[in-house]
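Working notes, beginning with the structure itself.
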Amino acid sequence: MTLTRSVWVTLIGTMVSAGALAYAHVALPSQTLLSDYALVSGGLAPVLIGMLALAGACLSLAYGLAIVDPARTAATRVLLLAGAFGLMMSGIFPTDPGTSQVGSLSGEIHRWSAAIVFTSLPVAGWVLARGRSAAPRWNAVRAMSVASGVALAVYLAAHPATVTSALINGGAYYGLLERGMVLAEMALLMAMALAIGGGRGAARNAVAPAATTAVERDRPENPERPEGQERLAA
């Protein structure tokens, strides 16, 4: 797989995930959290497709980073692999019904897997963009990393399982916060893919002029004339 294909697979996988979850939201009875759609009739397939497609997008992005900058992106790739693992485990092990109580092993695995996903992706974006230039593509990665992190913090504060939920009436809107957090992390993955794709193209464009300059520098200013021309001149 080339870098270009890796970028496209990341973008398409993210859009497929968004489409599957949007379908569940529109076609199925309303649920508080996205993972709750897997508990209603006809909801398991779109939820599973959405999570596995997003896991594939994380894996493809990690592969692209290994192509474009293997030494500098090792930490980001580990975080993306962790996110992909969390998404796959969240899809395989459904959540428990209800808001704050976990009553089964499957629900416990789902909860901790989701926690890995929601925390690893914002950190991956921030680590990837750290120390990069102020180019628009990296500014977008930084902005989406911060947005994802802030959305996660507010969501955790509003979730009924936390002690702060009652103070801010989080039970009334924490489901909306979860959707915003998921969309922010999807946008972050796409921004990361576009950033590495654009950077690779810029690098190729920079190499060509440098090579041309080197050839011109090594070319003699007054090349020797062929022996036949010297004789004609004499």
Side-chain angles (χ1 to χ4, degrees), residues 1-23 25 34 49-88 90-91 114 116-153 155 178-210:
M1 182 186 294
T2 63
L3 175 63
T4 301
R5 289 181 181 178
S6 172
V7 171
W8 275 110
V9 170
T10 302
L11 296 176
I12 293 172
T14 305
M15 289 186 289
V16 168
S17 177
L21 296 178
Y23 168 81
H25 181 73
L34 291 173
I49 291 172
M51 290 183 176
L52 294 182
L54 198 61
C58 292
L59 294 174
S60 178
L61 181 58
Y63 184 87
L65 290 171
I67 295 174
V68 70
D69 194 357
R72 193 175 180 181
T73 62
T76 303
R77 298 200 308 273
V78 170
L79 290 166
L80 287 171
L81 292 177
F85 174 78
L87 284 163
M88 288 186 285
S90 296
I116 292 173
V117 177
F118 291 144
T119 54
S120 63
L121 295 186
V123 177
W126 183 260
V127 171
L128 178 64
R130 184 182 57 185
R132 305 278 182 175
S133 63
R137 64 179 185 274
W138 293 118
N139 290 338
V141 174
R142 293 186 189 95
M144 294 312 306
S145 299
V146 172
S148 298
V150 171
L152 173 61
Y155 168 72
E178 185 217 27
R179 287 160 172 77
M181 178 176 57
V182 170
L183 290 175
E185 298 202 350
M186 288 180 174
L188 172 60
L189 280 176
M190 298 179 74
M192 293 167 69
L194 293 173
I196 66 171
R200 185 67 171 179
R204 285 197 300 265
N205 294 334
V207 169

Minimal non-hydrogen separation, Gly50 against Ser17, with atom names
O-OG, 2.7 Å

Output every pair passing salt bridge (Lys or Arg N to Asp or Glu O under 4.0 Å) with a member in residues 180-194, not counting sequence neighbours, ordered by first then second residue.
none

Heavy-atom closest contact (Thr73 atom, Ala66 atom, distance):
OG1-N, 4.4 Å

Does anything in residues 50-66 form a salt bridge (Lys or Arg N to Asp or Glu O under 4.0 Å)? List the pairs, not counting sequence neighbours.
none

With a cut-off of 3.5 Å and sequence neighbours excluded, list every side-chain donor-acceptor pair involving residues 57-65.
unit_1 : atom_1 : unit_2 : atom_2 : d
Ser60  : OG     : Ser6   : O      : 2.7
Ser60  : OG     : Ser6   : OG     : 3.4
Ser60  : OG     : Thr10  : OG1    : 3.3
Tyr63  : OH     : Met1   : O      : 3.4

Nearest 0.5 angstrom please: Met186 CE to Leu54 CG, how far?
5.0 Å

Between Leu189 and Leu80, does the side-chain contact (heavy atoms from CB on, under 4.5 Å) criterion hold? Intermediate values first, please.
CA-CA 10 Å; Leu189 280 176; Leu80 287 171; 3.9 Å; yes

Kindly list each side-chain donor-acceptor pair under 3.5 angstrom involving residues 120-127, sequence neighbours excluded, with atom names and distances?
unit_1 : atom_1 : unit_2 : atom_2 : d
Ser120 : OG     : Ile116 : O      : 2.8
Ser120 : OG     : Val117 : O      : 3.4

Shortest non-hydrogen contact from Met88 to Ala55?
CG-CB, 3.8 Å

May I have the step-by-step check of side-chain contact (heavy atoms from CB on, under 4.5 Å) for Ile67 and Thr2, ending in yes or no?
CA-CA 8 Å; Ile67 295 174; Thr2 63; 5.8 Å; no

When rounded to the nearest 0.5 angstrom, what distance separates CE in Met190 from CG in Leu188?
11.5 Å

Return the CG to NE2 distance between Leu21 and His25, rounded to the nearest 0.5 Å.
11.0 Å

So how far is it from Phe85 CZ to Leu81 CG, rounded to the nearest 0.5 Å?
11.0 Å

Can you tell me which residue pairs pass the salt bridge (Lys or Arg N to Asp or Glu O under 4.0 Å) test with a partner in residues 63-72, sequence neighbours excluded?
Asp69-Arg132

Check: Arg142 side chain, Ala134 main-chain N or O, donor-acceptor pair, under 3.5 Å:
no

Quick check: closest heavy atoms across Ala53 and Gly13, and the distance to 0.1 Å?
CB-O, 3.6 Å

For a quick test of reading the model, state the closest non-hydrogen atom pair linking Ala193 to Val7 and the distance between them.
O-CG2, 3.6 Å

Apply side-chain contact (heavy atoms from CB on, under 4.5 Å) to Ala135 and list each qualifying residue two or more places apart in sequence or on a separate chain.
Ser133, Arg137, Trp138

If we only count heavy atoms from C-beta on, is the Ser148 to Leu152 side-chain gap below 4.5 Å?
no

